[in-house]
Undergrad: 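Quick one: this structure, given as structure tokens, is what I'll be asking you about.
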Amino acid sequence: MIATIITYAIVLLFVLLWAYTAIPKFFKMKYFYDILGSQAIPKWSVPILTLLIPLLELSVVFMLLFPETRLLGLYFSFALMLIFTVYVSGIIFQVYDIYPCPCGGMFRRMGWKKHLKVNMWLTAIALVGVLLMQFNLFK
């Protein structure tokens with residue numbers, strides 16, 4: 001029973017997170033393009049990622065909404081959070097040539113170290129959700 005509640009809470013958390021991050025990107029596509037252009041990523045990837053990232057985030061929302069694809073949505077949530085966490089770690093440890101701004105949503109108001117902590121927690125939470133669903137611990 002408790003595992004079921006935890007699983008649904010994790011799913012709800014990621015539905016809200018991915019919707020919160022994806023929807024504004026669609027409405028402010030030019031702004032998101034400019035922000036990506038200032039990040040430590042190859043310039044050729046900016047046009048692709050400008051569309052791919054919000055589409056992927058929104059796709060994960062839909063995966064999480066349906067029981068048949070919920071586990072896949074949690075795997076994607078874990079993978080995306082891991083990728084974003086590694087990227088932010090690279091910024092903190094000055095792996096990149098440029099030091100971009102934390103320009104997205106709630107992260108705009110926090111520094112990179114706090115951003116990393118939040119990402120690490122979200123990555124761990126996604127992993128817990130995957131494990132709970134993968135091993136049917138919520139039944």
Side-chain angles (χ1 to χ4, degrees):
M1 174 74 175
I2 292 185
T4 303
I5 293 168
I6 292 169
T7 302
Y8 285 122
I10 291 170
V11 168
L12 178 62
L13 170 71
F14 282 102
V15 165
L16 295 173
L17 175 74
W18 298 128
Y20 173 80
T21 60
I23 293 169
K25 289 173 186 155
F26 282 114
F27 288 108
K28 298 178 181 179
M29 193 71 72
K30 171 74 170 99
Y31 175 73
F32 182 54
Y33 179 90
D34 292 341
I35 293 304
L36 281 178
S38 74
Q39 301 296 309
I41 58 174
K43 298 304 174 207
W44 61 264
S45 69
V46 171
I48 298 164
L49 292 175
T50 299
L51 193 55
L52 183 65
I53 290 173
L55 282 175
L56 185 57
E57 291 169 342
L58 211 51
S59 296
V60 174
V61 168
F62 287 108
M63 284 182 226
L64 290 168
L65 291 176
F66 299 101
E68 300 82 16
T69 56
R70 191 165 290 144
L71 179 59
L72 184 60
L74 284 170
Y75 270 110
F76 269 101
S77 294
F78 174 71
L80 286 171
M81 287 311 309
L82 189 61
I83 290 166
F84 295 148
T85 301
V86 168
Y87 178 74
V88 172
S89 297
I91 291 168
I92 289 173
F93 295 110
Q94 300 176 340
V95 172
Y96 312 116
D97 294 333
I98 61 173
Y99 194 76
C101 69
C103 303
M106 65 182 152
F107 298 115
R108 160 181 42 229
R109 296 184 240 328
M110 62 176 78
W112 284 112
K113 289 182 182 179
K114 192 175 236 182
H115 190 152
L116 178 62
K117 289 176 188 174
V118 169
N119 279 17
M120 289 171 63
W121 274 106
L122 289 170
T123 303
I125 290 168
L127 179 60
V128 168
V130 165
L131 294 174
L132 286 171
M133 282 205 72
Q134 181 69 49
F135 296 108
N136 292 320
L137 299 176
F138 59 92
K139 288 187 176 185

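No hydrogens, no waters, no symmetry mates; every other heavy atom, side chains included, goes into these values.
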Undergrad: Which atom names give the shortest non-hydrogen contact between G73 and V60, and what distance separates them?
TA: O-CG1, 3.6 Å

Undergrad: Output every pair passing side-chain hydrogen bond (donor to acceptor under 3.5 Å, both in side chains) with a member in residues 61-70, not counting sequence neighbours, ordered by first then second residue.
TA: none

Undergrad: Do the non-hydrogen side-chain atoms of T85 and L122 ever get within less than 4.5 Å of each other?
TA: no

Undergrad: Please step through side-chain contact (heavy atoms from CB on, under 4.5 Å) for the pair Y75 and M63, ending with a clear verdict.
TA: CA-CA 10 Å; Y75 270 110; M63 284 182 226; over 6 Å; no

Undergrad: If you count the non-hydrogen atoms of other residues, nucleotides and ligands that lie under 6.0 Å from CZ in F76, is the total more than 12?
TA: no

Undergrad: Looking at every heavy atom in both P24 and A19, which two are closest together, and how far apart are they?
TA: CD-O, 4.0 Å

Undergrad: CD of Q94 to CD1 of I92: how many Å apart, nearest 0.5 Å?
TA: 10.0 Å

Undergrad: First locate atom CD1 of I10, then atom CE of M133, and finally report the distance between them rounded to the nearest 0.5 Å.
TA: 10.5 Å

Undergrad: Tell me whether the count of non-hydrogen atoms from other residues, nucleotides or ligands lying under 6.0 Å of CZ in F26 goes above 12.
TA: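 Atom CZ in F26 is packed in, count exceeds 12.
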
Undergrad: Could you tell me which non-hydrogen atom of S77 sits nearest to which non-hydrogen atom of A126, and how far apart they are?
TA: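 Residues S77 and A126, closest heavy atoms: C-CB, 4.1 Å.
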
Undergrad: Measure the OH-CD1 distance between Y87 and I91 for me, rounded to the nearest 0.5 Å.
TA: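 Going from OH on Y87 over to CD1 on I91, the span is 4.0 Å.
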
Undergrad: Give me the atom names and distance for the closest heavy-atom approach of I41 to V46.
TA: CD1-CG2, 4.0 Å

Undergrad: Looking at S89 and L116, what are the two nearest heavy atoms and their distance?
TA: OG-CD1, 3.3 Å

Undergrad: Would you compute the distance between atom CG of L55 and atom OG1 of T50 and round it to the nearest 0.5 angstrom?
TA: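 If we round to the nearest 0.5 Å, L55:CG and T50:OG1 are 11.0 Å apart.
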
Undergrad: Nearest 0.5 angstrom please: L36 CG to I53 CD1, how far?
TA: 5.0 Å

Undergrad: Taking atom OG1 of T123 and atom CZ of F78, what is their separation to the nearest 0.5 Å?
TA: 7.0 Å

Undergrad: Within the structure provided, determine whether I23 and E57 are in side-chain contact (heavy-atom separation under 4.5 Å).
TA: no

